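Everything numeric here is computed off the predicted structure, so don't read it as measured data.
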Amino acid sequence: MNAPNSAFLSVNNIEVIYNHVILVLKGVSLSVQEGSIVALLGGNGAGKTTTLRAVSNLLKGERGDVTKGSVEYKGERVEALTPADLVKRGVVQVMEGRHCFGHLTIEENLRTGAYTRTDGKAAVEETLEKVYNYFPRLKTRRNSQAAYTSGGEQQMCAIGRALMAKPKLVLLDEPSMGLAPLIVEEVFEIVKDLNTKERVSFLLAEQNTMVALRYADFGYIMENGRIVMEGAAKDLATNEDVKEFYLGLSGEGRKSFRDIKHYRRRKRWLS
Amino acid sequence: MGFFIETMLGGLMTGMLYSLVALGFVLIFKASGVFNFAQGAMVLVAALAMARFSEWSNAALGGDSLFLANVIGIIGAGIVMFAVAWTVERFVLRKLVNQEGATLLMVTLGIAYVLEGLGQTFFGSEIYSINVGMPKDPVIMFEGLIEGGVMINKEDFIAALLAAVLVGGLTVFFQKTSVGRALRAVADDHQAAQSVGIPLNKTWVIVWCVAGLVALVAGIIWGSKMGVQFSLVTVALRALPVVILGGLTSVPGAIVGGLIIGVGEKLSEVYLGPYVGGGIEIWFAYVMALIVLLFRPQGLFGEKIINRV
Amino acid sequence: MIYRENGQFKTSYLADQQIFTIAQDKWFVLGLIAFAAIGVPFLADEYLFRAVLIPFLVLALAALGVNLLVGYCGQITLGAGAFMAIGAYAAYNFMVRVDGMPLVLAMLLGGVAAAGFGILFGIPSLRVRGLYLAVATLAAQFLCDWAFLRIGWFTNNSASGSVSVAKLEAFGWVINTPVEKYLFCLIFVVVFALLAKNMTRASIGRQWMAIRDMDVAAEVIGIRPMYAKLSAFAVSSFFIGVAGALWGFVHLGSWEPAAFSVDRSFQLLFMVIIGGMGSIMGSFFGAAFIVILPIFLNQFLPFLGGLVGVTVSTAGISHAEFIIFGSLIIFFLIVEPHGLARLWSIAKQKLRLWPFPH
Amino acid sequence: MTNASNAAPAAAQGGRKFGDVILDLQNISLRFGGVKALTDISFNIREHEVRAIIGPNGAGKSSMLNVINGVYHPQEGKIMFRGQERKKMEPHMAAKQGIARTFQNIALFKGMSVLDNIMTGRNLRMKCNLFQQALWIGAARNEEIAHREKVEEIVDFLEIQHIRKTAVGALPYGLQKRVDLGRALAMEPEILLLDEPMAGMNVEEKQDMCRFILDISDQFGTTIVLIEHDMGVVMDISDRVVVLDYGKKIGDGTPDEVRNNQDVINAYLGSGH
Amino acid sequence: PAAHAQAAEQYFPILVYRTGAYAANGNPWANGYVDYLKLVNAKGGINGVKVSFEECETGYATDRGVECYERLKGKGATVFQPLSTGITFALTEKAPVDKIPLITAGYGRSESQDGSVFTWNFPLLGTYWVAADVAIQHIGKAYGGVDNLKGKKIALVYHDSPFGKEPIPLLQERAKMHGFDLQLLPVAHPGVEQKATWLQIRRDRPDHVLLWGWGVMNSTSLKEAQATGYPRDKMLGVWWAGAEPDVKDVGAGAKGYSALTLQHGAEPNSKVVKDILAMVHDKGQGTGPKDEVGSVLYMRGLISAMLGVEGVAAAQERYGKGKVMTGEQVRWGLENLNLDQDKLDGMGFAGVMRPVQTSCTDHMGASWVRVHTWDGNKWEFSSDWYQADDKVLRPMVLDAASKYAAEKNIQRRTAEQCAQ
Ligand SMILES: Nc1ncnc2c1ncn2[C@@H]1O[C@H](COP(=O)(O)OP(=O)(O)OP(=O)(O)O)[C@@H](O)[C@H]1O
Ligand SMILES: Nc1ncnc2c1ncn2[C@@H]1O[C@H](COP(=O)(O)OP(=O)(O)OP(=O)(O)O)[C@@H](O)[C@H]1O
Ligand SMILES: [Mg+2]
Ligand SMILES: [Mg+2]
């Protein structure tokens, strides 16, 4: 193993270009310590998804390329590995937008998640049970084709499918999207649970900053393809700017969405 | 009556052979979502390789053991098909992960050209023959039951049997194993399949290999029936209605589709053809498939086309 | 830096909706058309006209038609050859059966006939999609192949099934020489390309594209799938039918059903995919690629062989042609899965940014 | 977009005015094979209100919207539109009646630019026929420009001017949602159905989105049906909320009523709220 | 084999197909053609004028053929041999404009025999109507004369294309004359699927089957005949269905099958073949494999080339020996061809061919046909010489040619024009 404290995953100054012309990441560096939960925050189009794709090597399919920098996992350069190799090494991504196998049933979807595992049928069954325990809703829909399940069910399926691989590092892209509040809490509880019990590390891109910072150990904030701020989750959560822009809290606490509108609107009119 | 049965049987046997080619399409489509227009070219190359390797080995060894020559031919052709699969994955498919169906379809057309060119360059463009010792003359059966008896063509019969066994075996393999599930996953979404750790590269090599071997069997059977030459590629065009009638994603569909098309084709040509001037079987097969599609847009056994917002 | 759009501001929506929003593009294309109409007749020889330019133009027109359907409306078809045949035979029948039928009108009517059948064969598209539809359109192809071979009426009872046309004359202009034939085709192509461009930038074009990209959503915002799909079939078949008439009348002069066989259908589809689906320009790129490349290879390879001192046999050349042609298709698709037209626009984008990358 | 295009009265600040019931759903049941997506659900929607539908995942919210705009046909139940029973209809007919929607799994036309995507929303209002369009003659051109102006207004309104000509496929998720909304707006609908318009957005972006929704409601008087999982948003901007669970209705009323409904708390909100 | 036309060379373009569905048959034809031209050069050229030649691959496709024609015509071609009925149809429209004659030995439009309408077409040695006519004579002979064909049933299994359809009018005419039944059974290109066809034959049991195929269709027919038990000795093929590639891989299964010949069969022992082996192949300049020399299609190509060369030679008689001829001059030569037996024997065609003499009105020159039969290993002649019955043929040719002339607004050439 590595020296203590040396990064489990480290992304060093990477640059990503889509389609040979669209430069999206302009030198992003971050690291994830073993057994930690790291949140990647930022607005739409900041490049969170792209960063995760760069780590899991799923960029190729989007015609993107890492043109500069390096990605190291457990001290090994992984840019040349296939996504499948990475999964074998324990790095699994939950893709944004669900990407369930529509023609497969929920259960089949989950089982494909265990594709790389070699620890026997029984162990897989065990994990499957565990996933069903996490998401009882999936159990009731286990025999439906994934395409015919609801958005949230698909999201659960995608997360469950990743867990089926018994990963060491999970790249979670917007896990809370489309999930009911209770389930969102649940998902993060699961994350915490896996993190503490099985020392699974998480890198999660998330819009729901409030929850993300609550559960994360460390956070990065991205804007426009660059990391603009980083720090322990606790510090970020109390930072004034973060509070205003990402948590929607200003001095006097949370503003009603209805009121913000008028305030903003007026501001715009004035300018 | 006897004649009707003969026509039916003829159709069934031809249909079985169509199934064999259709199976190649289905396998690759299932495993990668690629509609492989190079299947015909693969049949040609496999048959050419088989015919030429056995011819050359005969010449080189000076022997005239049919068996030995055929074994060498099959091994040689098998190696060629493996090489094809590996090359296709390494230099083509790998670079086109996650692209649209039309692009992939087009690329297989490119592959078809390359294979046709290479195949003819290496193996020549004359007519060659494959002789695996199939009997050529017909036998008359059930003479006691039906007047005039029913003529059965032994060669066709054996070929159909062989095809049936192969298709049956593959059906079981793909329906019942976890590999089969992985393949369906790949066909659904390349990227997601990668993300759960299905190694696309290996999967594709394997599937194209299997498709290559299926092409080899088809090539041997068709080749020994009608000689090994360029027109073998057109066999693919006859198998297309089979594929869509059975459903692009269904191995059993390939069989049933083959039988239906085979019988339908022959009956229509024999009974309807004379009234309209003949030569109708090819379009009849397509029209039949089209009519089925109007009722079941995914073919008889295909996976339901998902259409949801 | 030759390619720059900075400083070109549009001050009205009309200006923004021009076919070419960048002046360089506009002048380039206008210049190209002018050159094609005025320059080429002086420069090209008979061989170029007859064997390269005329087939290129006609097939580009057909590919344009296919592109409207496949590229814009997303309905893959392998029956384009059949619609060319319908166009050609219908025009032929109008010519021989109606006294004094003007040539251009006959061709357009050929297109109309093709459009009619296009609608008919488009009906399955309301239920059947994607590859299933592609294969189903082969039914049209084989049915037409058969009908034109077998039903004597279509060929005016010519014994061999081969038909030919007499003199070509339009508006008092006798189209005889290769140059005249070329110009005749060029006029058709330019006019039709303009029509196609107009449709694709108007509401009908957006309806087609919406159906292509996501038909359920299209329906939800009020697009009638039936109208959109069938109109695409009709317009596309009309284009293809007219191209078919040109192919028969102007290029071949005499033809048999094999001229519009399933190979032709495939060829047209190749053109569209290689050139770029959903791109008018792409149809031309595709046609150029598919028509000219084999001819070029056929002549270039012996020359190349001559350079290194090997004589390549005819068979060798054809095989090499197959291999190189196939490899190039693969190569271009790997470089840019969306076709040559997209490659072209990326190249332009790079030029625009040059010398500063990104 | 100006007020003139829609004769709705500008709602006075604070004192929002609801009209009559515009859409009344009565005893709707919808099944897919064995799956009961909706069971005997009744509720109504009034003119000019913001009506939220909430509920756990798989409760049937999206299915409800699909029923309203004709994508799904319920096995049982009646839909009254402006007091008249609506017959079984295809989605494009619902669109013609003025029902527009956005989608949970974004359903934009990937190959088209943002402008073109929004222009498709104008389709129902464009009258020139194919020949006029092909020839690009006066009428067609004028029509195109007139509608283009409308669309530009929407683009301005949603503040997406800078991505006008980008292909939507390459846009980040949040902007795609905004374009989706723009396309629906372009239809100038009477009822706008929004399926999780704010999923995958951070607070700031949600605030923007809320602002758009409220402005639409205020300026054009559009009736809005909203599905959303962010309770903060729902409680703040909706006028009435209906709660579904396992295909059944378990609550209906003002945000406050719903918030305090025990069934709703158990099934959906949890005690945290 | 590409050699560019130079001033002092007579340039022969060669349209071939060495790949694709018909390659197996196209290859030997092309090899024979080229070898003969090489032989001509080895012997010193046409009255001293060397021959140059160039191949162009058509793949049996009409548009590729047209492209080849346009390309090679620009290089000084003076005679074309398209080797495909489809291409012939297309070029028939172009030849008069470009003033290049077309030789279609044994194929092409049957009515183009009428040289006063089809000025530029030369279906030398025979047309499909000749073949059809002789086929009926030959079948009739088996029953003791064509008049005994009454009530018999003859099935025509044909390639569904202009090539396959050409004989139908004549066969129908003959059927009317003799009262036999003609059953038409088309086979779609390329002809690998014939099960239904042969099932029908098995059901209807025609007394004879006429096979009008090309390429792989022929061997498939024979295999299906074997598979359905139809006697091969009741099958008669046209001269494009009677060569080695058609029967070789059927082997013994084709035993007893007969086919018409365009005068010649396989002629490995003829003098011209020996000359080629000695002067071309033994010098290492052979075009194809050596054991193919003298096979049926090789001979067809060889004779086709010879006819073209003789056309040039005949033109030189009039326009100047040792000169390069133009297309128009070659046309005259072809129209005034007179290959008598002595001349043929001198060129090494003894036993291979009978005399050919063309005229303004007859562009065919001869209609001699023999039948040969496959004995399991090789083709053996099995009949006497036949000739098409002019009483049947002539009116049909005139009729069809006149119709064409009317359609195209062509004036028949008058006697004076012919004499020029
Ligand atoms: N396949 C692609 N081709 C071209 N550009 C792309 C592609 N995918 C993303 N982009 C661009 O890259 C930028 C970053 O996108 P990315 O998806 O990484 O953002 P994000 O932070 O995940 O946003 P969101 O929160 O909306 O998901 C965006 O501007 C987007 O337009
Ligand atoms: N076309 C269909 N075929 C089969 N089942 C379907 C179909 N559409 C929806 N369902 C089922 O109906 C139930 C309700 O789905 P719906 O999409 O309406 O849920 P939802 O309330 O929108 O949930 P979410 O918040 O997760 O999006 C789900 O269990 C889903 O699997
Ligand atoms: Mg993202
Ligand atoms: Mg939903």
Side-chain angles (χ1 to χ4, degrees), chain B residues 29 35 37-38 41 91-92 95-96 99-122 124-125 237 240-241 243-245 247-248 276-280 282-291 293-299 302 305 307-309, chain C residues 70-71 74 76 78 121 123-124 126-147 149-152 214-217 220 262 266 269-270 272-274 277 315-316 318-335 337-339:
Chain B
F29 188 81
F35 195 74
F37 262 111
F91 294 102
V92 185
K95 316 221 149 134
L96 286 167
Q99 295 305 327
E100 283 156 33
T103 308
L104 294 173
L105 182 143
M106 188 65 209
V107 113
T108 63
L109 285 165
I111 294 171
Y113 276 111
V114 174
L115 284 181
E116 282 165 17
L118 282 176
Q120 294 189 73
T121 308
F122 283 127
S125 41
L237 267 187
L240 282 187
V243 187
I244 59 163
L245 185 128
L248 271 171
V276 291
I280 64 172
I282 183 144
W283 68 254
F284 196 86
Y286 277 94
V287 169
M288 226 159 49
L290 180 59
I291 290 170
L293 285 188
L294 286 180
F295 293 98
R296 280 184 71 86
Q298 70 275 33
I305 296 164
N307 185 18
R308 188 179 175 217
V309 275
Chain C
V70 178
I76 301 187
L78 283 170
F121 285 111
I123 290 174
L126 300 177
R127 263 182 82 71
V128 183
R129 296 147 193 265
L131 288 167
Y132 287 97
L133 179 66
V135 178
T137 55
L138 281 173
Q141 177 68 49
F142 289 116
L143 198 58
C144 285
D145 279 3
W146 176 84
L149 267 175
R150 190 81 34 241
I151 302 175
M214 185 146 288
D215 51 359
V216 190
V220 165
V262 65
F266 276 102
L269 187 67
F270 298 176
V272 170
I273 301 181
I274 282 283
M277 302 218 284
S318 317
H319 296 155
E321 190 187 311
F322 266 78
I323 298 169
I324 296 175
F325 185 61
S327 309
L328 281 177
I329 291 180
I330 297 172
F331 173 77
F332 277 113
L333 286 174
I334 288 176
V335 174
H338 294 106

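When heavy atoms are compared at a cutoff of 4.5 Å, C:R127 approaches chain B by way of both its backbone and its side chain. Within the 4.5 angstrom heavy-atom criterion, only side-chain atoms of B:F37, from C-beta onward, approach chain C. For a residue to count as touching a neighbouring chain, one of its non-hydrogen atoms must lie under 4.5 Å from one of that chain's; by this rule B:L237 touches chain C with the side chain only. For B:Q99, the part lying under 4.5 angstrom from a heavy atom of chain C is the side chain only. The part of B:F91 that comes within reach of chain C is its backbone (N, CA, C, O), which places non-hydrogen atoms under 4.5 angstrom from that chain. Contact annotation for B:A289: neither backbone nor side-chain heavy atoms come within less than 4.5 Å of a heavy atom of chain C. The contact between B:L96 and chain C is made entirely by side chain atoms (from C-beta outward), counting heavy-atom distances below 4.5 Å. For C:V272, no part sits under 4.5 Å from any heavy atom of chain B, backbone or side chain. Only the side chain of B:L105 comes within contact range of chain C, with at least one heavy atom under 4.5 Å from a heavy atom of that chain.
C:L143 CG to B:I280 CD1: the interatomic distance, rounded to the nearest 0.5 Å, is 10.0 Å. Taking CG of B:L109 as the start and CZ of C:F266 as the end, the distance is 7.0 Å to the nearest 0.5 Å. The CE atom of B:M106 sits 7.0 Å away from the CG atom of C:L269 when rounded to the nearest 0.5 Å.
What you find for C:A136 and B:L290 is that their closest heavy atoms are CB-CD1, 3.3 Å. Across all non-hydrogen atoms, the minimal contact from B:T103 to C:L333 is O-CD1, 3.8 Å. Nearest approach of C:Y132 to B:Q298, heavy atoms of both residues: OH-O, 3.0 Å. Between C:R150 and B:V276 the shortest heavy-atom distance is CG-O, 3.3 Å. Residues B:A102 and C:M277 share a closest heavy-atom pair of CB-CE, 3.5 Å.
Ranked by heavy-atom pairs under 4.5 Å with chain B, the first of C:G326, C:G339, C:A140, C:A320 is C:G326. Comparing B:F295, B:F29, B:Y286 by heavy-atom pairs within less than 4.5 Å of chain C, the highest count is held by B:Y286. For chain C, the option among B:L104, B:L118, B:T108, B:L248 with the highest count of heavy-atom pairs below 4.5 Å is B:L248. Considering only heavy-atom pairs separated by less than 4.5 Å from chain C, the leading option among B:L240, B:V287, B:I282 is B:I282.
For C:Q141, the side chain to side chain donor-acceptor pair (under 3.5 Å) partners are C:D145, C:S265, not counting sequence neighbours. For C:R129, the side chain to side chain donor-acceptor pair (under 3.5 Å) partners at least two apart in sequence or on another chain are C:D215.
Applying side chain to side chain contact (heavy atoms under 4.5 Å, CB included) to C:V135 and the options B:L293, B:I244, B:V243 leaves one that passes, B:I244.
Here the side chains of B:Q120 and C:S318 are not in contact, with every heavy-atom distance at 4.5 Å or above.
A donor-acceptor pair under 3.5 Å is absent between the side-chain atoms of B:Y113 and the main chain of C:E321, judged by distance alone.
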